[in-house]
Every structure is written in C-alpha cells, then in structure tokens.
Protein chains: 2
Amino acid sequence: MKNASCTVCMLKSKAARSLQHSELDLLGESCVQAVFEPGETIFKQGALSSNIIYLQTGLVKLTIKGPQRVQIMRLKKAPSYLGVPTTMGDKINHYSAIAVERCTACFIDINTFKELLKVNPAFSYEIMLELCRNELEQYQRCVKLVQNQVYGRLAANLLIFANEIYNSNEYDLPLNRNDLADLVCTSRETVSRLLAELAKESIIEVEGKHIRILDNERLENISEKG
Amino acid sequence: MKNASCTVCMLKSKAARSLQHSELDLLGESCVQAVFEPGETIFKQGALSSNIIYLQTGLVKLTIKGPQRVQIMRLKKAPSYLGVPTTMGDKINHYSAIAVERCTACFIDINTFKELLKVNPAFSYEIMLELCRNELEQYQRCVKLVQNQVYGRLAANLLIFANEIYNSNEYDLPLNRNDLADLVCTSRETVSRLLAELAKESIIEVEGKHIRILDNERLENISEKG
DNA sequence: TATTTTTTGTGATTTACATCACATTATATT
DNA sequence: AATATAATGTGATGTAAATCACAAAAAATA
C-alpha cells in the first residue's frame, strides 16, 4: 500500500479529471493505493467500510448473499468506482468485491469523498451519472435474466467478454465454470453442456478457459432471441 | 396541469427540504403538477424526456422492454423521484412509468434540476442517496429472483404490499393477476394456483383482489426459504 | 514423481413451472 | 337486460434446466 499522488496520476477517473489542483491534493492525501491478486477480496459484505474504492485497473466480481448462497451479481471492469452505493448510506458493505484479475485500487476516505462531492458539482455530477448508468444496466440484466433462457444468457455473457471486457473475440475466461454458471445464473453442468453445444455448432471454439468466437453473428442472434 | 408553489408544498421530498427559499422559487417556476389515473402513462420508454418526475402521491409501475415482451421491473411508491437514471444521461427514457393507483406527479425541468444539483450539495447528496438505495434494492430483488422459487417470490411480494406499500396486512391488490405474475416473474396461471395454495394453507385469505394475511410468520418463512 | 484436491464433462433422472386448453366469472359496452 | 370482452381458475401436458452420479482431466500439494 502506498499513498498516491492523484495530481500526476494518469489513470484518473472522468470524475476526478474535473477536480481542481487543490482538490486533487486533498484527494491524494486520503487516497491509498493497493494491488489485489485474483481471488483476493477488496471489500466484504457485512464489514464496516469507510472508503470508496476507485478501481484503476483490473477486473472484479461483485457478489451478494442471497437466500440460498452467495451470488455473483456482475463483473466490473476498471476504470470504475466501487462501493459508492454500498458505502454512502450506512457504513456497512451491502455486497463484496473480489478481484478476478490483478487489480489496482485506490481507497478513498469516505469523508474526503463526500467533501469533494460537496465542493465540486462537476465531480458530483459525474458520480451521479455513473450511478444512473449502473441502475439502467442492472434493469437490463434483470429483464434478460427473466425473459431469455440459459442458452441466450450464456451467449450474451460470452459477447460481453469479447466486446466490453477484452475487445477481442478471442480471450481467456477469467472465471472457472462454476463462477461462469453463477454469472449466467445457471448450473455448472448446464454451462458445460451449452459451451459444448456452441462449439459443436462451430459458433465458438472452446479449449479449457480459452474462448474464440467463430461466428459472431449467430452468437448475437442466440443472445437476442433467447 | 398547474404550476406549483414548491415553497408551500407540504409534500416536499427530503431532498427538496434542503433547498433555500430562492431555490424553491426556482423549482416552483419550472415545476408542473399533474394527476394520473390508474393505467395512465407518466412517461414512456423510447420517448424524449426533458423532465425529472417527482411522484408526490400514488403508486406506479416501472416497465421495461425485454427481449420477448414488456416487463414490470418494480413498483415505486410516493414520495420518490422517477426517471433520474433515465433522464440524466441522455434525453431518452430507458423505461416507462405507469400509474397503478391515482398519482400526483411534479414535472421538473431537467435543466432546473441540474442547476439545483449544482448549487445545492445537500440536495444533490439526497438524490445520490436515493440512487444508491435503488441500486442496492435492485441487487436484492435480482438475487431473490434467481435463488428463490415462485412460491417464495410471491410470498415476498405479498409482504411488500403489506409492509411497505399499504402498512396493513389487509389490502386490495392494485394489479390484476397478469401484472402480479409479471412482477413476480412467473405466469398468470402459476400465480392463481399458488394464491389458492396459500389460501388452502390458511396463510392468506383471497377474495378477488382483496388479500388478507392470516399467518404472517409462515408467509415470511416461505418468503425467505423460497 | 506420486498423491491428493479441485475442476470439468456427460449421461440419467427429476421437477418446477410454462404452456395449452377450456370453463367460469367478472366487467364493460351496446 | 343482453351481449361482448376481459380477467380468472384449473386440469392436462410438455420441457428447460436442475440435480444426481460418476468418470476423466487438470491443478495443487506432498
């Protein structure tokens, strides 16, 4: 862990770029950087929290305790703020964040964060926009979950990895089959079967965690139609 | 539709209560009140929007187009802001809001709203808190949807009507079976059957739309255990 | 290298729930 | 009041996907 100089940071968030010099100094004073290896918990549901996390680089999964077990809600890719909704209201985390790939994260003291929201409307506005985007994304995820069947949801998630996370139609899945199943809201066995199915149809190529999308169009079709 | 005087309004939001006199005047100038009867659309997905809606009284459903059909995402009870996430980013509504009970709603010009966010950090902070709460609620709804089965979800929704909407364990459902099914993410037929089942078990009493919860404890148990 | 542990694949079986089909009851319209 | 239209209940049937069961492969550990 080291104290960061936010002023010279090249990985500033869009929100942080609207801060004044003096405000960035304030941010830098109460901002501590840390590295997380895959599997390491960045913050944990139920624990007290007095920080907002700015995810500079890497990929995390957000998990939440459900009635039966812990569930992966979504992946979140840097750059992004984590734990804004979970820390703003009360001080207790309402979900966990766990590194899925190597991450660098800045821990910002919540009081400093609130102070910045207060003194800089542009900063505040950017944070608010991010919250709004999250809510809309969440609605979309939810309807898709209800109305599409597993085949479509799996296809959708493979496309998200390709288009939104790795920007390539060839990539290594950062999750094992269990976590992938969790993300798609299905069982491990079904994921196995459907991946085999997609491969048999020559829509993708699967080799362990390595995925290669062969027929983007058909995959998108499956993702849309269910 | 009439122009409202926000200064003397007794139904101010918590956020609005942090506004100065002059700011309330500003709000009042670009704030138009309207009444919506059940079934009437307050705003519509896909339409251009230049307003934030403050729901003063009443109950609405938020619906969103899914891959197969329009889906009820959630109910929202007054007092509450609607369309913040849908209007803040771009100008197009990303979901619809439809009155489920008689509603009064204030249409606030988006520029005025943004201006208030800018000049009054306390106001801005309250709005942000509401966004955060929404996001957390949405996560909860989603895990419940995935991990519980219909019986549990129906029970949960019956309890929400009792505890959060009507504050009574006897109430008239504001939705028909179709919409209730939609809210619970199941089919109309299943809702019919399970309501009958709950009645047979003497957990609730059903007479058309009138619901009476007889055994709160067991209903909560079903809601939790799935 | 050998051994344990974890991860993955695949068949067989079960099940919750959707869908279909139709009767019945309410509600709206003429 | 008569008719049309919509909302609801309920049985029969079908099915997507969970669960169970176990083998095979891969990864971690000794």
Side-chain angles (χ1 to χ4, degrees), chain A residues 37-40 61 66-69 71-72 100 143-158 172-201 204-211 222-223 225-226, chain B residues 37-40 61 66-69 71-72 100 143-158 172-201 204-211 222-223 225-226:
Chain A
E37 299 298 329
E40 286 185 345
K61 57 179 176 184
Q68 320 289 334
R69 69 209 133 74
Q71 176 88 32
I72 299 180
V100 153
V143 201
K144 187 149 192 97
L145 171 64
V146 176
Q147 295 191 8
N148 274 1
Q149 45 198 67
V150 183
Y151 206 46
R153 300 205 303 266
L154 178 61
N157 276 283
L158 293 178
D172 285 310
L173 280 171
L175 306 173
N176 62 24
R177 299 293 137 111
N178 240 320
D179 276 5
L180 182 57
D182 211 359
L183 186 67
V184 177
C185 298
T186 183
S187 67
R188 177 186 63 76
E189 293 93 326
T190 299
V191 162
S192 268
R193 272 185 266 265
L194 294 186
L195 281 178
E197 176 83 18
L198 284 170
K200 210 185 85 193
E201 295 279 324
I204 62 171
E205 217 175 82
V206 187
E207 206 183 314
K209 292 198 167 141
H210 193 79
I211 300 284
I222 291 166
S223 162
K225 302 283 162 64
Chain B
E37 300 299 330
E40 285 185 344
K61 58 180 176 183
Q68 319 290 333
R69 69 207 133 75
Q71 175 88 33
I72 299 180
V100 154
V143 201
K144 186 147 194 98
L145 172 64
V146 176
Q147 294 190 9
N148 274 3
Q149 45 199 66
V150 182
Y151 206 46
R153 299 205 304 267
L154 178 61
N157 277 283
L158 293 178
D172 285 310
L173 280 172
L175 305 173
N176 61 24
R177 299 293 137 110
N178 241 319
D179 276 5
L180 182 57
D182 210 359
L183 185 66
V184 178
C185 298
T186 183
S187 67
R188 177 186 63 76
E189 292 94 327
T190 298
V191 162
S192 268
R193 272 185 268 264
L194 295 186
L195 281 177
E197 176 84 16
L198 285 170
K200 210 185 82 192
E201 295 278 324
I204 63 171
E205 217 176 81
V206 186
E207 205 183 314
K209 292 197 166 140
H210 192 78
I211 300 284
I222 291 167
S223 162
K225 301 283 162 59

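Below, chains carry the letters A, B, ... as their sequence lines are ordered, and counting in each starts from 1.
Side chain of B:N176, nearest nucleotide from C:dT8, D:dA17, D:dT8: D:dT8. Among D:dT10, C:dC17, C:dT10, the nucleotide with an atom closest to any side-chain atom of A:S192 is C:dT10.
Positionally, the nearest nucleotide of DNA chain D for A:N148 lies more toward the 5' end than for the other of A:N148 and A:E189.
Rounded to an integer number of Å, the gap from CD of B:Q149 to P of C:dT14 is 18 Å. Rounded to whole angstrom, the span from the CG atom of A:N178 across to the P atom of D:dA26 amounts to 18 Å. D:dA17 atom P lies 11 Å from atom CZ of A:R193, rounded to whole Å. A straight line from CG of B:L194 to P of D:dG11 spans 14 Å, rounded to a whole angstrom. Between B:L175 atom CG and D:dA6 atom P there is a gap of 19 Å when expressed in whole angstrom units. Atom-to-atom, NE2 of A:H210 to P of D:dA26 comes out at 16 Å; the value is rounded to the nearest Å. If you take CZ of B:R188 and P of C:dC17, they are 17 Å apart, rounded to a whole angstrom. Taking atom NZ of A:K200 as the reference point, atom P of C:dG9 lies 16 Å away to the nearest angstrom.
For A:K144 (side chain) and A:G152 (main-chain N/O), no donor-acceptor pair under 3.5 Å exists by modelled atom type.
Each of A:R69, A:R153, A:R177, A:R188 was scored for a salt bridge (charged side-chain N to carboxylate O under 4.0 Å, His left out) with A:D182, with one residue passing: A:R69.
Dashed line: the shortest gap from a side-chain N or O of A:R177 to OP1 or OP2 of C:dG9 is under 4.0 Å. Not one side-chain nitrogen or oxygen of B:T190 sits closer than 4.0 Å to the OP1 or OP2 atom of C:dA16.
Of all heavy-atom pairs between A:K61 and A:D179, the closest is NZ-OD2, 2.7 Å. Considering all non-hydrogen atoms of both residues, A:L154 and A:V184 come closest at N-CG1, 3.7 Å.
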